[in-house]
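Down below is the structure, laid out as C-alpha cells.
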Amino acid sequence: MSDPDSFRPAPPPPVAGSIAAQAMPRRMAPDSSYLEGLNPEQRDAVLATEGAVLVLAGAGTGKTRVLTCRLAHILSSGLAYPSQILSVTFTNKAAREMRERVGESIGAAVEGLPWLGTFHSIAAKILRNHAELVELKSSFTILDTDDQIRLLKQVIQSEGIDEKRWTPRFMATLIDGWKNKGLTPEKLPTKETFKFAEGKGGKIYEIYQNRLKVLNACDFGDLLLHNITIFNNHPDVLNKYHRKFRYILVDEYQDTNVCQYLWLRLLAQGTGNLCVVGDDDQSIYGWRGAEVDNILRFEKDFPGAKVVKLERNYRSTGNILGAASGLISANQDRLGKTLWTEDEGGELVTVTGVWDAPSEARTISSEIENWRSRGRNYNDVAILVRASRQMRSFEERFIALGLPYRVIGGPRFFERQEIRDAHAYLRLVVSETDDLAFERIVNVPKRGIGQTSVQKLQLASRSMNKSLEFATSELVKTDEIRGKARTALKAFLLDLKRWRADSQALSPVDLAERILDESGYTQMWRDNKDAKSQGRLENLKELMQAISEFDTLPAYLEHVSLVLDMESGPQEDEVSLMTLHAAKGLEFPLVFLPGWEEGVFPSQKSLDENGMAGLEEERRLAYVGLTRARERAKIYFAANRQVYGSWQSSIPSRFIDELPPQHVTAESDTGYYDHRGYAEEVSESFAASFDRGRSSPGWRRYEQRKSSPPTINATARRKPIQDTSSDFSVGERIFHQKFGYGMIKSADGSKLTVAFEKAGEKKVLEGFVEKT
DNA sequence: CGGTGACTAGCGTAT
DNA sequence: CTAGTCACCG
C-alpha cells in the first residue's frame, strides 16, 4: 500500500562529485557499462541529471533506452536512492516495461522503485496518505466510468433535468474535461457551466463532488486534482515531497494534460530536477485533454532547460521512415525534427485498395500466412486500426482460418459486466458504505427486489444520512417493504454479514469463490443460455486467478481500480490486433494499416469537432502507425464500409495522397477485382458514388501508382462506359457467384440489370458476372 | 416484480 | 447493427 518510508525524512541529498557522494556505500558495482552503445545525443540525455531537461525523442530513437539508462545512471552513481526518484508514465504497460528494463541494466540490486508508476497510481498513493485533507478517508474507493455515470444519472434525475436531452454520459465527459484542466467546481468559469442543461452544469458538478465525498470515493480525475488541492493548501505536505523526490522523470510528456502539468510543476519546484521525454509528433490524446502545448512550451516554463533532440532512428527502414516523415510534414503545428537512419531503402510502403472490410480481412490474412510460410512468426505481425469496431472483421476471419491472434486493449477485462458485478460484491463486503456497489448487485442475480423497493431504500438512506445497507437493515424491521422483497433483503443482509465474518478466515480468492457461489451469481450465468455466458464464466475463473495473487482483498481492489490491464499471458505466437492508440511505444517487423478511408481515418468526428487541430492529430496517429513498422508497412483502404448497419461507399484517405511517392507503391489486390468468389450486389446509388469516389485525388494517385499490370477489372474500370457494354449484351445469359444464372435485361455502363432465375431482378457490376 | 417486444440513439480514441 | 429504454401484461 503506502510506501513505508514515504514520511521518513529523506536522507541528506548526496551531491554529485562531493566527498560524501564519493564515500557513499555503493550498492551497485560502480561500472558504467550501461553507457556503452549510446549515441552522443542519447548519452547527453542520460548524463544531464541536474536541472530541467527536455528530451525530444522521435519515433524509434531509443527513448525507452535513454529513460532506463538515466534511471540506472542516477542510481548507480549514488545520486539518489530508488525511493527518491519519481518516474511517471501514462500506461501500466510502460511502467512495467521500464521497471523490467532498469532491473536488467543494473541488476537486481535495486529493491524496486516505489515511485515508478502511472500518473494515476502515484497520485492515488499520495492521496491515500493525505486523504483527510480533502475530506476523504484513506480507504476511499476509486470509481470506474460506469459507477461515475450511474452516480451522475442520480444527480441529474434529482435535479429534475431531462436525462434524454442531457445525458449522464455527456456530463461525465464534461466533468472529466474540467478535471483535466485542473478546474474544481469553485474555479469553474460561468461559461463552462452553460455547456450543460442551460447553465446547471456547474451545480451538477458540485453536487456530484459532494456525493463522492459522502460515498468516500473519487473518480479518476479526482486523483490528481485532489493532489493539487492538497499541495496548494498545505505547503508543509508539498515540502515533504520536495525533500523526498530528488529526481523526476516523465515519459510521453506530449500527452500530459493541464492537471498533470500543474501537478508536475508543483513537485518539480523542489529540486528542479525534472526530465521530460516526449515527441510532439506522437501526441494523440488531445481528446483526453492532452496539451501538446506543454511540450512546445517547456523551455519557457522551465527557463534554462536543456534540450536534447534524438533524431537517429534505429527501428525502421529508410522507406518506412521516409513515408512517415513525409506524411507528418503536412502538419503545421510541430517543433520539427529530422529523423534519419543508416538503414536506407528497404521495401516500399504499399497501398492496396480492397472491396470491403471482409475482403480487407481476407487479403491481410493471406499476407500473414505468406509471411508465416516464409519462416517468420505471427508475433512479428500487428494490425493497427483506428477504431476498435474495425477489429470485428479480422477476428471473424482469423477464427475461420484458425489463425492465432490476440487483441490488445479492446473491451477491457475489468470493464466487463460480470467482472464489475463480482467486484461490486467484493467491494460491498469490504466496505458496507459502498452504496454504488450495493445498488449494482442488490438484485443481481434476481432476488425479486425491484425498482420500487430500491427507491424506498434510497429515500430512507438519504433521510437518515446513512448508507444504503444500514437503511436497508432498518427498513426491513418495518412494514415499509413487504412480501418477497422483504424476505429477499433480509436474506441478502444475512449473506453480507456472513461473508464479512468469512473474510477474516478465508483467503481473498476463497472468499470470492464462496461469495459468487452462495449469492447464486455463478449459477445465474450457468443457467443463462446466451452464447456469451460461457465466456463470462471463463472470465470469472480468470478473475479468481487474478485475485489469488493477492493477500488481502483491499490490496486487490486497489490494484484493480488502477491497473486496468491484465498482464498478457504466456507468450504464444500470435498476431496482434489493436487500435493505433494502443500501439504507441510498440514495434513490429510487419505492420498492417487497414481502413485508410476518409471518414474512418481521418475520423469524421474528429474533423467535425476539432477541425484542423483534429486533422493534425489524426495525422499524428497515422505517423504513429507507420513508425511502428520495422521492415514492412502495408496500408489498405476499402471501397465500401458498413456504417450503422447500412453500406456506404468510401474514398481513400487524404493521408494516402500525402505519402511521398518515392517511398510508396500501389499494390493490386487479387481478392478484389477478379476474385469470383466474392461478388457483391451493387446498388445504383453505390455505383454512382463509386464513380465519384474514383475521381478523387486518392483514387487517381492510387491508379497512377499501380505499376503492376492492371487486373481484369481494373482495366474494365478505366475503359470508357461505351466500351464496357461491348463485353455483355442485352439478352445474354450470365452467371453470378451469389445470385446464380440470369439474363441481362439492360446495361448502363458497367452496371447491369439482370433477371436472375432464382434471385429475381438485381443490379450488379459487370465485373462480378461471367459469360456462360 | 419481471419478462417481452417495440423503438431509438449511438461507434472515437482510454487512465 | 446493437445495446439500452419504455410500455405493457401476466
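Below, chain A is the first sequence line, B the second, and so on; all start at residue 1. Please read these numbers as outputs of a predicted model, since none were measured by experiment.
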Sugar-phosphate, base or nothing in reach of [X], heavy atoms under 4.0 Å:
X	value
A:Glu617	nothing
A:Glu163	nothing
A:Ser606	base

Q | Nearest-Å distance for atom pair CZ/P, residues A:Arg386 and B:dT13 | A | 7 Å

Q | Spacing of A:Phe90 atom CZ relative to B:dA14 atom P, expressed in whole Å | A | 14 Å

On the 0 to 90° scale, with breaks at 30° and 60°, tag the [X]-[Y] ring pair as parallel, tilted or perpendicular.
X	Y	value
A:Phe655	A:Trp596	perpendicular
A:Tyr405	A:Phe398	tilted
A:His581	A:Tyr285	tilted
A:His423	A:Tyr556	tilted
A:Tyr241	A:His130	perpendicular
A:Phe170	A:Phe196	parallel

Q) Quick one: is A:Thr145 getting a side-chain N or O under 4.0 Å of the B:dA14 phosphate, OP1 or OP2? A) no

Q) Can you find a side chain N or O atom of A:Thr579 that sits less than 4.0 Å from OP1 or OP2 on B:dG12? A) no

Q.
Applying the side-chain contact (heavy atoms from CB on, under 4.5 Å) criterion to A:Arg628, which one of A:Leu580, A:Leu384, A:Leu593 satisfies it?
A. A:Leu384

Q: Walk along DNA chain C from 5' to 3' and tell me the first and last nucleotide with an atom closer than 4.0 Å to a non-hydrogen atom of chain A.
A: C:dC1 to C:dC6

Q) Under 5.5 Å between ring centres and under 30° between planes: true for A:Trp287 and the base of B:dT13? A) yes

Taking only N/O atoms, report every protein-nucleotides 2-9 of chain B pair under 3.5 Å with atom names and distance.
residue, atom, partner, partner atom, Å
B:dG2, OP1, A:Gly448, N, 2.6
B:dG2, OP2, A:Asn443, ND2, 3.4

